[in-house]
Amino acid sequence: MRKPHVLWALVPVVAFLSTPFLPFVNGPHLWLGIPSVLAWCLFWTAGTTASLAVVEHFARHPDEDEDTDPADANDRAAHDSCQEAVA
């Protein structure tokens, strides 16, 4: 089953695929001095990066699970106290 945060990756895909069907985008309009279709695609190119950053932020990585082991936490605490004693 997919996590709900993965749906954020679908937002730019839907935006790109709907471009020809949106009348406010697909017309003889200028946005910020450039054609509206180009501005729309530039906006959603940046939106793709943002949505993938959201997915990556909320993704669960297997290497992060190793940090939750209590034995490793004790080893890290001992290592940190040794580092503090040396400094």
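Numbering of residues begins at 1 and proceeds along the displayed sequence.
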Can you give me the closest heavy-atom contact between Pro12 and Ser51, atom names plus distance?
CG-OG, 3.3 Å
Membership question, hydrophobic clusters at under 4.5 Å side-chain separation (ILVMFWY): are Leu17 and Leu7 in the same one?
no
Can you give me the closest heavy-atom contact between Phe16 and Thr48, atom names plus distance?
CE1-OG1, 3.7 Å
Connected via hydrophobic side-chain network under 4.5 Å: Leu52 and Val54
no
Can you give me every donor-acceptor pair (side chain of residues 30-44, partner residue at least two apart or in another chain, under 3.5 Å) with its distance?
residue, atom, partner, partner atom, Å
Ser36, OG, Val25, O, 2.4
Trp40, NE1, Ala15, O, 3.3
Trp40, NE1, Thr19, OG1, 3.0

Does Phe24 have more than 12 heavy atoms from other residues, nucleotides or ligands lying within 6.0 Å of its CZ?
yes
